Structure formats: structure tokens, C-alpha cells
Amino acid sequence: MHFVVGRLSSGAAATQAFDADGAAVGDLIRHADDAALAGFVRHSSVVSPAARWVWDDTARWYPRLLRHGVRVARCHDLRLAHAILRLSTLAASSALAKSPHGVWDAAAEVERPPTAHTTLFDVDVDPADDGADVPTDDVDETVAEWRRHLDAVRGSSAPGRLRLLLAAESAGALIAVEMRAAGLPWSVDRHDAVLTEAVGPRPPVGARPARMHDLVLAIRAALDDSTLNPDSPQELLRSLRRSGINASSTSQWELREIEHPVIEPLLEYKKLARLLSANGWSWMEAWIVDGRFRPDYVPGGAATGRWATNGGGALQLPKQVRSAVRADPGWKLVVADAAQLEPRILAALSADTAMAAAGRGTDLYAGIQATGVVETRAHAKVAMLGAMYGATTGESGRLLPRLARAYPRAIALVEDAARTGERGESVTSWLGRSSPLPPPSWFDVQSLASAPDASESDERRARSSAREWGRFTRNFVVQSTAAEWALCWMAELRTALMALPTGTDSDSHGAQASPGPLAGTVFDGRPHQVFFLHDEIVVHTPAPLADAVAEQVRLAAESAGRLLFGAFPVDFPLGAAVVDDYAEAK
DNA sequence: TCCGTGGTACTA
DNA sequence: AAACTAGTACCACGGA
């Protein structure tokens, strides 16, 4: 059963039941308010446990359901699905792909409002409530767009793959909203301790902490520059040169190589300055509310299908502060990451049985080294990364031919992807996500170079931009398929966790809700995902369920491998740990 | 004072 | 000094 969710012209929410072919099997039902809508969803989910909720934007509809205590098992996010179908080469002949760009394409680029100040006071801020007209949630338009999706998938060259991709992408959208609602458990005390340990006690606003102040004095003394501000790269570079240091930049990779008394305090200062400006006390005050970090996750935010985030720098949580991510009392964190995900994905994509075998039951890089293709694990790693990123120089470029001899299928796949991109064509992931085409300016550069009067520099420029795009498409096939695996992993896990019993007895005692940030929410007593970073997840779980959760995490990874690659013999082993804080894991 | 850009550094 | 993929976000700086 499918239920379409949209709005009537009056602004009221409405739902209607459909069969899998898009034929109505029920009447349009108007819901007086969010509570009524949530009640309807709750009831329908009991009657039809396999129901799929079809709506324009999960980020718009799902928070209000969660707020009323209702989770949904499955959805179809029209905005995200549209973006995939628009570009997918598998559905290139569909009406959707051939239609001019419209509101469904614009919606994907719509500004998502939540940033520090709104999230501080309203974590469930609704992008639709900003007063702007958003036509995609009109119920008739929603039904029409969904039917265009059904047509595009049915008429595609691989309906099964696309269906899986759209289901996985939509499951990701549900998870993103749930992670934001639950939040990443964060100990401000521990965070404060990390900062104080590094730089000294928190100073008044505008002042440098004690440790950094001392370092500035040492830097100024070493450079004989009593007013130098080391936060200014321009000033710093001038000062370094006056002291006879011939640096071209102030970046640490370059400074590291220089022998001079200023280098040690300077590198130390830069490290602390980074910590403070990226994740210091003011970050903590802006982003940690009631012991939770709630960034805005953006599924499909990168062209490859990887997620992006807005606010708080959730994609760059430094290892230094991860000890502040702490389970609530009586709870645990289950931290898991997929080991060498991308090369394993490449092995499966290319049906390279030799490479798959190298990773079976072991670290894949160690497995490659063990077959004698290269001398060390480090060489295996740098060569594999180089193959997937398109390295041509250095150690990685030198090792590539040996990799190509041992694993011709895998290397041929990424080389083909690179050549396709260099021609300005698109490449496609395993499940059907296709890369965007280069911008018009790219084609201009190419045609300029093929004109009869093209100069040497025209040709150089064209070659370089062609190779650059080729590196993107080379990596796209691997990174996008890895992102698909991760979505399937999370979706399988979410289903398994929802079926687990609760870990506390607060539910059975009704009014006796457990204290703490989760009391009264849909996550109370239940394991729930709280973080995701490309190939790594964190689940927050009642302690008694932690081992069961860890087992489900492993089973979900196996399921994801089978969902994508069937019986092809490739492993997706995990590193998994049950811990109290994030820094304890690996 | 506001806004865009360059430089830097952190993540997988 | 660039490079070998994908991101976010800070600061300083200079021009409107």
C-alpha cells in the first residue's frame, strides 16, 4: 500500500491510498492538524505494516510526525528521487528525464534554513513554514509527480536496481530526520575538559587562552616581531621571510620541513587555534543544546550520493573532541565502520574475483600485500587509493602498473570511467545514480582546443580540464556505489532496530517515563542511530541491548552486500565496538 | 558594515 | 607548490 501525503489548497494536510501501480484505492482524507495526520499515519501503519508514505520532502513532513510520536517504516521522497531519475542513464528515455526543469528540480536546490540560531530554539524547524509558496506539496501535484516516477522506473533499463536505489535514498532521508531529532549525545563537561587540557581555562571573550598567549609570545620572540598576529597568513608569511625562512605558504605541511626555532611553537599554536575556532567553547554554546549535537544532514547533498551537512561541521568532527560524544547513563554507543569499503566496492563492481579474494576474511590491503603484488600494506593502500583517485605521479603512480597486472578488471573499470568523463559523458553507479555533465564552460574549453587555430595553451588547458573531469568520473563510480552500500546498510539496520524489544521498562510502566533527554520521545528505551559519516555509524542504545545491536549492525552489512551484489563473493567486514564514548572506538 | 575570496585544516 | 576523490567552515582581507 502507498499513501500519498500532500496539502489541499486550503493548506490542510491530506492523504490518499494507492496501489503499487498508482491507482487510487481510497478516498482523499483531510486531516485537521498535525496531530490528526500523525494519528492517521499511526493507525494506517498498524493496518498496513508495509505501507510506503509518498511525499515531496521527508525533511518537511517527517519531523512533525516524530513530534507526535509516530515513526514510519518506509517512504518515497519525491524530491530526492526526482534528482536521481533526472540524471540516471537507466531512465534516460523517461518523460521525467526529458521534461524541462521545473519545481521538482528547483526544490533540490532550495535553501535549507536551519542554522545555529534557529536550531538553538527549535530543532524541528520546518522549512515549509517560512512563508514561501512551495508548490511541490500540493496533493494533486504530488500524485502526478509520483506517477511520473513509477513510469520512469517501469520503463527503465533496470527497474529493480532503480527501485532499490530510490528506496534506499528515501530510507536515508528518514534516518537523517531521526538523527537530527534524537541528536548526538554530547557531554559539555568532557568537551570543556578537552579544551581546558589543551589551551588552559576558558578566557574572557576576545582574549587568547593562557597556553596560546604563551605561544604567541614565543613565536614573536623567535621571529623578532613584537606585534605579529599569527592568525594572519599574510602577516605571518612576511614575518617568516624577514627571518630568512623561504616558505611559499604558512601551511603546516610546508612548515614541518623547516628547521627554525619558530616552527615548533608556531605549529603548536596553529593546532590549538584550529581546535578553538572549529570546535571551541563558542562552537559548544552554539551547537550543543540539552546535551545533544543536532546538525542538519543533507542526504544526496553531494553529486555522488554522499550526504552533506549544514551547521556545526558534522563532517569534520576532529578525533581530538570525540571523547565528548558520550552515551547517556545506562546507555552505550555502538560504533561501526566498514573496513576498506571503496576498494571492496570496486572489486564487486568490476567482478574482479582476484581482488575480492584478497579481501576475504582479512584486511584487504594486507591481503593484496600477501599475494606479493606489492611489498607492504602501506604500498597496497596508496596504490589502491591512487587508482581510485586518478593519481599519476609519485609512489602511487609508480605502483599502479603492478596493481593493473594483478587486478586487470578492477583497474579497467576505473580507467574506463575516467575516459568517459574526459569525453564529457556521464558515468553511472551500480544502482543507477549518474554523474552530472560538466558545465558549458568545460565544453567551450574543449571545442576551443579542437579548432584549427588553437594555440598550445588552449590545448594544454583543455587536456588538463578533461583529465580533471575524468578524475571526478573515475572516482564517482566507486564513491557513489559505496554510498549506495552505506544507505542499504543503514536502512537494513534501521528496520532491524525497530523490531528489537525496548531496553528499559519505561514503556510498560506508562507514566513512569525514564528521566533524560529521550524521555517522551519515540527513541525512549530504543536503540537508534545518532551519527553517520560515509562508511561509519554510531548507534545509541540501552546498555542491555548493546551486544544485540552490534550483531544487527553486522547482519545489516551482510544484507547490504547481498542486496547490491547478490551472490558475488565479496566481504564487507566491519570494525565494531561497544563503548561509552566515541573516542574509545579504534 | 556587509559580502565574496583566498588560505588553511579537519573528515572519509 | 601541486596534487590524487568528496565535503564544511573558520579567519583575515579587501572592495563595495
Side-chain angles (χ1 to χ4, degrees), chain A residues 112 115-116 228-238 246-257 266-267 269-280 282-283 286-287 295-322 337-343 345-346 381-400 414 417-418 421 427 429 433 435-436 464 467-483 485-486 531-537 575 582 586:
Chain A
R112 299 170 146 270
T115 48
L228 172 68
N229 171 17
D231 292 328
S232 164
Q234 294 180 14
E235 241 184 87
L236 180 57
L237 193 57
R238 273 196 299 271
N246 191 23
S248 63
S249 78
T250 64
S251 62
Q252 52 150 331
W253 63 260
E254 187 172 356
L255 297 178
R256 253 193 326 247
E257 309 302 320
L266 181 53
L267 289 178
Y269 176 85
K270 285 169 78 78
K271 199 176 155 182
L272 298 179
R274 163 74 193 189
L275 171 66
L276 220 54
S277 90
N279 297 98
S282 47
W283 179 91
W287 290 104
D296 184 22
Y297 298 95
V298 187
T304 55
R306 275 190 173 186
W307 290 16
T309 62
N310 283 326
L315 294 183
Q316 348 153 191
L317 269 191
K319 297 208 158 67
Q320 241 177 326
V321 305
R322 290 188 180 184
D337 71 308
Q340 307 96 40
L341 178 58
E342 292 197 350
I345 289 290
L346 174 57
K381 182 173 178 174
V382 76
M384 273 307 314
L385 291 177
M388 293 185 296
Y389 292 163
T392 53
T393 61
E395 191 167 52
S396 150
R398 273 198 305 282
L399 292 167
L400 190 60
V414 287
V427 296
S429 73
R433 191 186 310 260
S435 64
S464 140
R467 289 206 179 119
E468 191 178 328
W469 199 262
R471 287 195 299 275
F472 167 60
T473 54
R474 167 197 294 269
N475 186 251
F476 184 98
V477 291
V478 179
Q479 190 180 115
S480 62
T481 304
W485 181 90
F531 198 57
F532 171 50
L533 198 49
H534 309 318
D535 63 1
E536 180 172 357
I537 61 172
Y582 194 3
K586 92 177 176 186

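These numbers were taken from a predicted model, which means no experiment stands behind them. Lettering of chains follows the sequences in order, A, B, ..., and the numbering in each one begins at 1.
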Using side-chain contact (heavy atoms from CB on, under 4.5 Å) as the criterion, list what pairs up with A/Ser435, not counting sequence neighbours.
A/Ser426, A/Val427, A/Phe472, A/Thr473, A/Phe476
Across all chains, not counting sequence neighbours, the side chain to side chain donor-acceptor pair (under 3.5 Å) partners of A/Thr309 are none
Do A/Arg306 side-chain atoms and A/His534 backbone N/O form a donor-acceptor pair below 3.5 Å?
no
Would you say A/Ser277 places a side-chain N or O within less than 4.0 Å of OP1 or OP2 belonging to C/dA9?
no
Remember a base hit wins even if backbone is also touched, and classify A/Ala308 as base, sugar-phosphate or nothing at under 4.0 Å, heavy atoms.
sugar-phosphate
Interatomic distance where CG belongs to A/Asn279 and P belongs to C/dT8 [whole Å]:
16 Å
Tell me every residue that passes side chain to side chain donor-acceptor pair (under 3.5 Å) with A/Asp231, counting only those two or more places apart in sequence or in another chain.
A/Arg208, A/Tyr269
In whole Å, measure the gap between the C1' atoms of B/dG7 and C/dA2 for me.
15 Å
Which pairs count as salt bridge (charged side-chain N to carboxylate O under 4.0 Å, His left out) when at least one residue sits in residues 381-394 of chain A, sequence neighbours excluded?
none
Using whole Å, what does the distance between atom P of nucleotide C/dA3 and atom CZ of A/Arg471 come to?
7 Å
Hey, does A/Gly390 reach any base, or is it just sugar-phosphate, or nothing, if we go heavy atoms under 4.0 Å?
sugar-phosphate
Round to the nearest Å and state the distance from A/Glu468 atom CD to C/dA3 atom P.
9 Å
Nearest whole angstrom, please: distance from the C1' of C/dC4 to the CG of A/Asn475.
9 Å
Whole angstroms only, please: what is the NZ-P distance between A/Lys381 and C/dC4?
18 Å
I need the CG-P distance between A/Leu255 and B/dT8, as an integer number of Å.
9 Å
Heavy-atom nearest pair, A/Leu399 first then A/Ala383, reads CB-CB, 3.8 Å
Remember a base hit wins even if backbone is also touched, and classify A/Thr392 as base, sugar-phosphate or nothing at under 4.0 Å, heavy atoms.
sugar-phosphate
Sub-3.5 Å pairs of nitrogen or oxygen atoms, protein against nucleotides 13-16 of chain C:
residue: C/dC13; atom: OP1; partner: A/Ser232; partner atom: OG; Å: 2.3

What protein N or O atoms touch nucleotides 9-12 of chain B N or O atoms at under 3.5 angstrom, if any, and at what distances?
residue: B/dA9; atom: OP1; partner: A/Gln252; partner atom: N; Å: 3.2
residue: B/dA9; atom: OP2; partner: A/Gln252; partner atom: N; Å: 3.1
residue: B/dA9; atom: N3; partner: A/Arg274; partner atom: NH1; Å: 3.1
residue: B/dC10; atom: OP2; partner: A/Gln252; partner atom: NE2; Å: 2.9
residue: B/dC10; atom: O4'; partner: A/Arg274; partner atom: NH2; Å: 3.3
residue: B/dT11; atom: OP1; partner: A/Lys319; partner atom: N; Å: 3.2
residue: B/dT11; atom: O4'; partner: A/Leu315; partner atom: O; Å: 3.3
residue: B/dT11; atom: O3'; partner: A/Arg322; partner atom: NH2; Å: 3.2
residue: B/dA12; atom: OP2; partner: A/Lys319; partner atom: NZ; Å: 3.2
residue: B/dA12; atom: O3'; partner: A/Asp535; partner atom: OD1; Å: 2.2
residue: B/dA12; atom: O3'; partner: A/Asp535; partner atom: OD2; Å: 2.9
residue: B/dA12; atom: N3; partner: A/Arg306; partner atom: NH1; Å: 3.3

Residues in side-chain contact (heavy atoms from CB on, under 4.5 Å) with A/Arg471, at least two apart?
A/Arg467, A/Glu468
Taken to the nearest whole Å, CH2/A/Trp283 to P/C/dA9 is 11 Å
State whether A/Lys270 and A/Glu254 are salt-bridged, where the test is any N-O pair (Lys NZ or Arg NE/NH1/NH2 against Asp/Glu carboxylate O) under 4.0 Å.
no
Taking only residues two or more places apart in sequence or in another chain, which ones pass side-chain contact (heavy atoms from CB on, under 4.5 Å) with A/Ala278?
A/Arg274
Write down the distance separating the C1' atoms in B/dA12 and C/dC4, rounded off to the nearest Å.
15 Å
Quick note, salt bridge (charged side-chain N to carboxylate O under 4.0 Å, His left out) partners involving residues 385-395 of chain A, not counting sequence neighbours, are none
Dot-bracket for DNA chain C, please. Rules: Watson-Crick or G-U, both distances under 3.5 Å, ( ) within the strand, [ ] when a pair crosses earlier ones, | for another strand, . otherwise.
....||||||||||||
Partners meeting side chain to side chain donor-acceptor pair (under 3.5 Å) with A/Asn279 (sequence neighbours left out):
none
Excluding sequence neighbours, so at least two apart, what forms side-chain contact (heavy atoms from CB on, under 4.5 Å) with A/Ser464?
none
Atom CG of A/Asp231 to atom P of B/dT8: distance rounded to whole Å?
13 Å
What is the nucleic acid contact for A/Gly312, judged by heavy atoms within less than 4.0 Å: base, sugar-phosphate only, or nothing?
sugar-phosphate
If each of A/Ala302 and A/Glu254 is mapped to the nucleotide of DNA chain C with the nearest heavy atom, which maps nearer the 5' terminus, i.e. the 5' end?
A/Glu254
